[in-house]
Amino acid sequence: MKLIETKIKSITVIAKDTVKLDIHVDQDLLETIRPGQFVYIQIGSSSEHMLRRPISIADLDKEGNQLTLIYKELGEGTRKLSRLRKDDSLNMLIPCGNGYRIDQLEMTQALLVGGGIGVPPLYYLAKKLIEKGVNVTTIIGFQSKEDVFYEEQFQRLGKCYVTTNDGSYGHQGYVTDIIEQEQPQFDYYFACGPNPMLKAIEIKLKDEKGFLSLEERMGCGIGACYACVVPTKDEKSNKKICQDGPVFHSGEVKI
Amino acid sequence: MSLAIELPGLKLKNPIMPASGCFSFGREFSQFYDLSDLGAIMIKAATEHKRLGNQTPRVAETKSGMLNAIGLQNPGVHKIIENELPFLKTFDLPVIANIAGSTIEEYENVAKAFQQTDLIDAIELNISCPNVKEGGVQFGTIPEVAYEVTRRVKKHSNVPVYVKLSPNAADIVSIAKAVESAGADGLTMINTLTGMKIDLDKRRPLLSNKVGGLSGPAIKPVAIRMIYDVYKAVGIPIIGMGGILTPEDVLEFLMAGASAVAVGTANFQNPMICKELIEQLPATLKKYGFENVKEAIGSGHSV
């Protein structure tokens, strides 16, 4: 993990309150990043925001020295981030956490399930899986039509289903409804999204092997403050989401 | 310029150290800089047995600060001695062990466990944690109770004992005097102020513990005032903390009466903060006319 000061290359709104940030990161640092890891960004340099914001890595372009982050404006900190412009500098810890360790997995088919702002890390994951020769099916769910992003990008990588809670776009319902209807074939599943969604997926796919990526309010982002913990399934100990996670095996932690 | 300062049990290269709970046992921060650069380290609170702490959310950002309610999660004093302290011994770094408990007996047992080792240089007696149901802050807000727990921990300690004071006490000076008369070798102050943030969407307190401890620059004026008052009332040294972010903040704490300072929340905004403050402090001392740290201590009391 490195603490770097870097520059914004572009900042674009891609859906409702959803922003894509392309930033400059040197290739040798990009080489160390695994899908599912995140960056921890400082909000301004004054004392107003004492906590950084964890933002997942959506994509990277090694030759272009570029990292792509996608976040949702949920509060004052992320709104402030959106006021930055091209060439503004950004201070971040990179890369944080343990990502999806796909190098150690044997598979031919993968199912990726994302909800809302849990969708971005699945994009770089999908690209890495395809590099390995894995067939990727993606199910991405959003609240409403105006929240949908990256459908085309995922379509280019394999079969992609889109759901909205209110039915204003794609299939009406939850990502788990698509799993039920389509019965996709896969060796491993990879899920990222809000806890109720992860819980529903873990129950629905209880006989399958998979990985879940969690989010939580963080303090230090490096494992020192014990703010972002999740109990293990037996509730005898805690795992740190920022350091042991954010990705866990299905059945490893109690969501 | 020499930044060295000597306190009971502690030969500090400089007066800057990370505050307990914000730095774990140093491992994570050692990837950013050499821990031997620090004046000392205040390690995360140890209880007698392992504690899992509170439910999440455990932290919330507030204006120029944060609330936390971790709930003393730690592996227990014996695991800390076994797994964490040997790592810290590889550095040239005084170790201040923060000890906590639900009962006076638990405090005594944690102190006894540390007494069996030669791995720590001082104890920070945490009678001010606001985030646990039993013990913690209740020991730090009643002078008679603060006196008793200090006296009994002193009996089981072969290193100096610094008592960490709570700003939630009605009269912090009377607590300071009580623990001084019980034999405390020094004071550390202040712990967090109790606070709350309400989630507007959910219509309930944001932290699962409802109440949390407020830290960060937002509480600095409270810390300065309390150190200023306590410095006049006691003869033992004070390690000051509460919202330090800049070298000017460090000097302000020294002027109020602190002999050294601890940096907490700022480590989250900038993991390099302690090292940067150590580098920046000489220029700030010089700018305000001081030749060394010692001269600055209590210098804010000139009438």
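Sequence lines set the chain letters: A, B, ... in the order given, protein chains first and strands last, and positions in each chain run from 1.
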Do [X] and [Y] have side chains that approach each other closer than 4.5 Å (heavy atoms only, starting at C-beta)?
| X | Y | result |
| --- | --- | --- |
| B:Lys63 | A:Met50 | no |
| B:Arg58 | A:Tyr226 | yes |
| A:Met218 | B:Val59 | no |
| A:Cys228 | B:Thr56 | no |
| B:Leu52 | A:Lys236 | no |

How far does [atom1] of [X] sit from [atom2] of [Y], to the nearest 0.5 angstrom?
| X | Y | atom1 | atom2 | result |
| --- | --- | --- | --- | --- |
| B:Phe23 | A:Cys220 | CZ | SG | 10.5 Å |
| B:Arg27 | A:Ile222 | CZ | CD1 | 13.0 Å |
| A:Ser45 | B:Gln269 | OG | CD | 7.5 Å |
| A:Lys240 | B:Ser24 | NZ | OG | 5.0 Å |

For [X], which atoms come within 4.5 Å of any heavy atom of chain B: side chain, backbone, both, or neither?
| X | answer |
| --- | --- |
| A:Leu93 | side chain |
| A:Glu48 | both |
| A:Glu235 | backbone |
| A:Ser237 | both |

key: For B:Glu28 against A:Gly223, the heavy-atom pair lying closest together   =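 For B:Glu28 and A:Gly223, the tightest heavy-atom pair comes out as OE2-O, 3.4 Å.
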Over 12 foreign heavy atoms within 6.0 Å of [atom1], [X]:
| X | atom1 | answer |
| --- | --- | --- |
| B:Lys89 | NZ | yes |
| B:Gln55 | CD | no |
| A:Lys145 | NZ | no |
| A:Phe211 | CZ | yes |
| B:Glu82 | CD | yes |

Side-chain donor-acceptor contacts of residues 210-222 of chain B below 3.5 Å, not counting sequence neighbours, with atom names and distances?
from: B:Ser215; atom 1: OG; to: B:Thr265; atom 2: OG1; distance (Å): 2.6
from: B:Lys220; atom 1: NZ; to: B:Asp249; atom 2: OD1; distance (Å): 2.7
from: B:Lys220; atom 1: NZ; to: B:Glu252; atom 2: OE1; distance (Å): 2.8

message = Under the salt bridge (charged side-chain N to carboxylate O under 4.0 Å, His left out) test against B:Glu61, which residue among A:Arg53, A:Lys80, A:Arg52 passes?
response =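 The single option meeting the salt bridge (charged side-chain N to carboxylate O under 4.0 Å, His left out) with B:Glu61 is A:Arg53.
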query = Looking at B:Asn270, B:Thr62, B:Leu206, which makes the most heavy-atom pairs under 4.5 Å with chain A?
reply = B:Leu206
ask   = Which atoms of B:Asn74 come close to chain A, meaning under 4.5 Å heavy atom to heavy atom: side chain ones, backbone ones, both, or neither?
value =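 No part of B:Asn74 comes within 4.5 Å of chain A.
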message = Heavy atom to heavy atom, less than 4.5 Å: which residues from residues 31-42 of chain B reach chain A?
response = B:Gln31, B:Phe32
